[in-house]
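In what follows, a single structure is set out as structure tokens and then discussed.
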Number of protein chains: 2
Amino acid sequence: MELAPKTKPSIRDVAAAAGVSRAAVSLVLNGGKIRISQEKRDKIIAVARELNYTPHVGARRLAIRRMETLGLVLPTQPEALSEYNLFELTHAVAEAAREHNYDLLLHFFDPSQTDAMPGTPGRVDGSIVVLGRKDTSDLPARLSAAQHPTVIVGGGFFVQKPEHFIDVDVSTGLMIATRHLIQLGHRNIAYVSHTEHSEKMNGYIVAMTKARLPIRKEWIIEIGFTEKALQEAAAQIKEMNPRPTGLVFTSDAIAVRMMRLFRELGLRIPADLSITGFDNIEIASFVTPGLTTVRVPTRKIADLAVRHLVGIVEKQPPRKLQSMLTAELVVRNSTGVPPGGLPPM
Amino acid sequence: MELAPKTKPSIRDVAAAAGVSRAAVSLVLNGGKIRISQEKRDKIIAVARELNYTPHVGARRLAIRRMETLGLVLPTQPEALSEYNLFELTHAVAEAAREHNYDLLLHFFDPSQTDAMPGTPGRVDGSIVVLGRKDTSDLPARLSAAQHPTVIVGGGFFVQKPEHFIDVDVSTGLMIATRHLIQLGHRNIAYVSHTEHSEKMNGYIVAMTKARLPIRKEWIIEIGFTEKALQEAAAQIKEMNPRPTGLVFTSDAIAVRMMRLFRELGLRIPADLSITGFDNIEIASFVTPGLTTVRVPTRKIADLAVRHLVGIVEKQPPRKLQSMLTAELVVRNSTGVPPGGLPPM
DNA sequence: CTGAAAGCGCTTACAG
DNA sequence: CTGAAAGCGCTTACAG
């Protein structure tokens, strides 16, 4: 049975075993400026690998005066049915950070607690702060005042735009969902939101207007979460005259439940009614028919946020980041040609 | 306008401003053994606060030879509809770590990649590793061989029990759900799982057996995820003779969808049929009637895992941790007295 | 009870 | 092109 090494090997051990100075080891391993024989270089690398050497990060960070660590600041009370899947986002940010050789420190904070400062500055070189549409936190301002490099995820619709933010353009998301229906041949398309959400509504309106399609007042529907409300809405939509042949929803969770209600009422999907959702939640692919929906490009957001933050930290050209990423359409079987409609050419 | 401090204050700054040695500052701030006048002590603390001093964590960790950091290792591909809500768990672990004054480092890894070692050892003092029921990773063994303090979340049903683990006893969870129905007066209760899950089934069987209630073979139903399967199952259950008056499900997501199917078939919930779920997902409280369900005590799990890991790291009595926590019942309105049944006394 | 000193492990100018 | 040395900021025995 092997014995685990008593203690982590240090740079001295590597230097001794390779017969060079500690400086040489450091310079070679970190790709520093050093002209050294290929032989010695190889030797150092081989020895380091054999000893399973990694520098003590505390010592290293003390010497280089950087923490090589990014902070991810998350809301303790995320909005219900938000377009951001926080776990997915966390995962993506962690991966991205690692690719840049940064550790990731997690910090949860309550946006309504206006006083508390996340304890991360000082132990991280910069932070990614995730904020909901309705969070009116002054944290970005405070971090900015403290000269702390910060990228906001989600600040795209704040009145006061953060210097560096990235957000998803849900408006365009709803626009492409609506356009998808239009391209299938639908003309009567209603918009159903689970909560007040003017950006998403704008996407619907833009798509309809561009296609010179009518928008009726009763086609803009806000229904909430309760079963009763959904039932009433379903019945109401069924009785409309003309009845919409396509429905764009602002949430998969609601769309999935409504699909079932419509079926109870005798409407077939997509034969009588085409439906699109938003979020691409797990069950959207389980239901029958599979729900056509819009997904937020979480990986892209994370990659961009991390790359930009690392850029600021490492003092590369500090341009601004004010990015709105487009949500993407995921086509499944809940959408088809309208009743009596012809397939598109 | 205030100027942000050029640089982080160091312990020298505090010592100078307070008129004491650096050692005194360190000792006082860390609660070390030092007999010093109350006056000086207060002065040090006041100055430290005023300067907003926090020790450089790199330097501190180098000196104390601990990283004051815990690792959280998460699976890249969590099981679908797992009983663990990974984001909730991450949140809870982060909070717990902070209460113990540890940072939390996130690391994702793919349990099927048997070779890769999470890069965390060396930068953390210990790790919490989350594993699914079906993950047959040798990571626990490798971490153990490397003497790395490790607590497994979810290893309760591995053949080879980890030395330190904590898991949720889903069996008892299903047991209390079943018992809840029994106490309401139900006698004919069926078990519906979305996937093979012998532990949960055991909970059902135990509850039924203890109450001396019959278990029919056709009352143990496995239905999967697809809409078609759910529809068939719903129809089949409706036609059963005797028909169950209570149904215990192994997943909220499935239970919610089935509730609707039953209603389509003319069965009222809970008047004709009582239903319980599992997981306490967000929509369980939105639907009507609200879904009675079972929740996993995520906070408790996180607290216990962190506390134990910190104990190991700080060399406190290193007893084993082999804990199975009980899931908890959340009573809503999808359960009631059976048709024709009397309310319990 | 205090203060000067060593040492944690690493990086990086700076002489040779 | 290399090697000896200083310094990053902190903690903790160890003399006084």
Side-chain angles (χ1 to χ4, degrees), chain A residues 5-45 47-48 51-69 101 103 121-125 314, chain B residues 5-45 47-48 51-69 101 103 121-125 314:
Chain A
K6 289 284 171 252
T7 180
K8 211 166 166 296
S10 85
I11 197 170
R12 327 181 86 91
D13 301 320
V14 179
V20 298
S21 72
R22 288 179 274 153
V25 174
S26 174
L27 263 353
V28 165
L29 258 28
N30 294 314
K33 268 192 73 150
I34 179 177
R35 285 178 48 66
I36 191 174
S37 70
Q38 190 61 39
E39 188 185 9
K40 280 190 178 177
R41 182 185 293 272
D42 292 344
K43 178 81 177 173
I44 290 171
I45 293 172
V47 166
L51 262 44
N52 199 13
Y53 167 74
T54 47
H56 185 289
V57 294
R60 168 166 232 268
R61 288 165 188 178
L62 178 58
I64 67 176
R65 280 160 208 154
R66 267 191 304 123
M67 293 307 294
E68 302 177 305
T69 302
N101 290 316
D103 281 341
R123 37 207 354 160
V124 302
D125 303 311
E314 299 179 355
Chain B
K6 288 284 170 247
T7 179
K8 211 168 165 298
S10 84
I11 196 169
R12 330 182 84 91
D13 300 321
V14 179
V20 298
S21 70
R22 288 180 275 153
V25 174
S26 174
L27 262 356
V28 164
L29 258 28
N30 294 313
K33 270 192 71 149
I34 181 177
R35 283 176 53 60
I36 192 175
S37 70
Q38 190 63 38
E39 188 186 6
K40 281 191 179 176
R41 181 185 295 272
D42 292 344
K43 179 80 177 170
I44 290 171
I45 293 172
V47 167
L51 262 44
N52 200 13
Y53 167 74
T54 48
H56 185 288
V57 294
R60 166 166 233 269
R61 288 164 189 179
L62 178 58
I64 66 175
R65 278 159 213 161
R66 268 191 304 122
M67 294 305 296
E68 303 178 303
T69 303
N101 291 315
D103 281 343
R123 37 205 357 156
V124 302
D125 303 311
E314 298 180 356

Relative to the 5' end of DNA chain D, which residue comes earlier, B/Ala63 or A/Ser21, by the nucleotide with the nearest heavy atom?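 Result: A/Ser21.
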Let me spell it out: for each of B/Lys40 and B/Leu62, pick the nucleotide of DNA chain C with the closest heavy atom. Which residue's pick is nearer the 5' end?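 Result: B/Lys40.
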Taking the side chain as every heavy atom from C-beta outward, state whether A/Val57 and B/Met67 have any atom pair closer than 4.5 Å.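 Sidechains of B/Met67 and A/Val57: in contact.
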Could you tell me whether the side chain of A/His56 reaches within less than 4.5 Å of the side chain of B/Leu62, counting heavy atoms only?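 Of all side-chain heavy-atom pairs linking A/His56 with B/Leu62, at least one is under 4.5 Å.
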Can you identify which nucleotide, out of [options], has its nearest atom closest to the [X] side chain?
{"X": "B/Ser26", "options": "C/dC10, D/dT11, D/dG9", "result": "D/dT11"}
{"X": "B/Ala23", "options": "D/dT12, C/dT2, C/dC10", "result": "D/dT12"}
{"X": "B/Arg60", "options": "D/dC10, C/dC10, D/dT12", "result": "D/dC10"}
{"X": "B/Ile64", "options": "C/dC10, D/dT12, D/dC10", "result": "D/dT12"}

Classify A/Arg22 by what it touches in the nucleic acid, base, sugar-phosphate, or nothing, heavy-atom distance under 4.0 Å.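 Here A/Arg22 touches the bases of the nucleic acid.
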Base, sugar-phosphate, or nothing for A/Ile36, non-hydrogen atoms under 4.0 angstrom?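 It contacts sugar-phosphate atoms only.
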Specify the separation, in whole Å, of atom [atom1] of [X] and atom [atom2] of [N].
{"X": "A/Arg12", "N": "C/dC10", "atom1": "CZ", "atom2": "P", "answer": "9 Å"}
{"X": "B/Glu68", "N": "D/dC10", "atom1": "CD", "atom2": "P", "answer": "13 Å"}
{"X": "A/Lys8", "N": "C/dC8", "atom1": "NZ", "atom2": "C1'", "answer": "13 Å"}
{"X": "B/Met67", "N": "D/dC10", "atom1": "CE", "atom2": "P", "answer": "16 Å"}
{"X": "B/Asn30", "N": "D/dC10", "atom1": "CG", "atom2": "P", "answer": "10 Å"}
{"X": "A/Ile44", "N": "C/dT11", "atom1": "CD1", "atom2": "P", "answer": "13 Å"}
{"X": "A/Leu27", "N": "C/dC14", "atom1": "CG", "atom2": "C1'", "answer": "13 Å"}
{"X": "A/Arg66", "N": "D/dG9", "atom1": "CZ", "atom2": "P", "answer": "15 Å"}

Is it the case that the side chain of A/Lys8 and the backbone of A/Thr54 share a donor-acceptor pair, with hydrogens and angles ignored and the cut-off at 3.5 Å?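 Looks like yes, one N/O pair under 3.5 Å.
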For C/dA13, what is the paired nucleotide under Watson-Crick or G-U wobble rules, both distances under 3.5 Å?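 Matched C/dA13 with nothing under the 3.5 Å cut-off.
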Would you mind pulling out the nucleotide paired to C/dA4, Watson-Crick or G-U wobble, both distances under 3.5 Å?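 Per the H-bond distance test, none.
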Name the one of A/Asp13, A/Asn30, A/Val20 that satisfies side-chain contact (heavy atoms from CB on, under 4.5 Å) with A/Val25?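 Considering A/Asp13, A/Asn30, A/Val20, a side-chain contact (heavy atoms from CB on, under 4.5 Å) with A/Val25 is found only for A/Val20.
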Heavy-atom closest contact (B/Val47 atom, B/Ala17 atom, distance):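 Of all heavy-atom pairs spanning B/Val47 and B/Ala17, the closest is CG1-CB, 3.6 Å.
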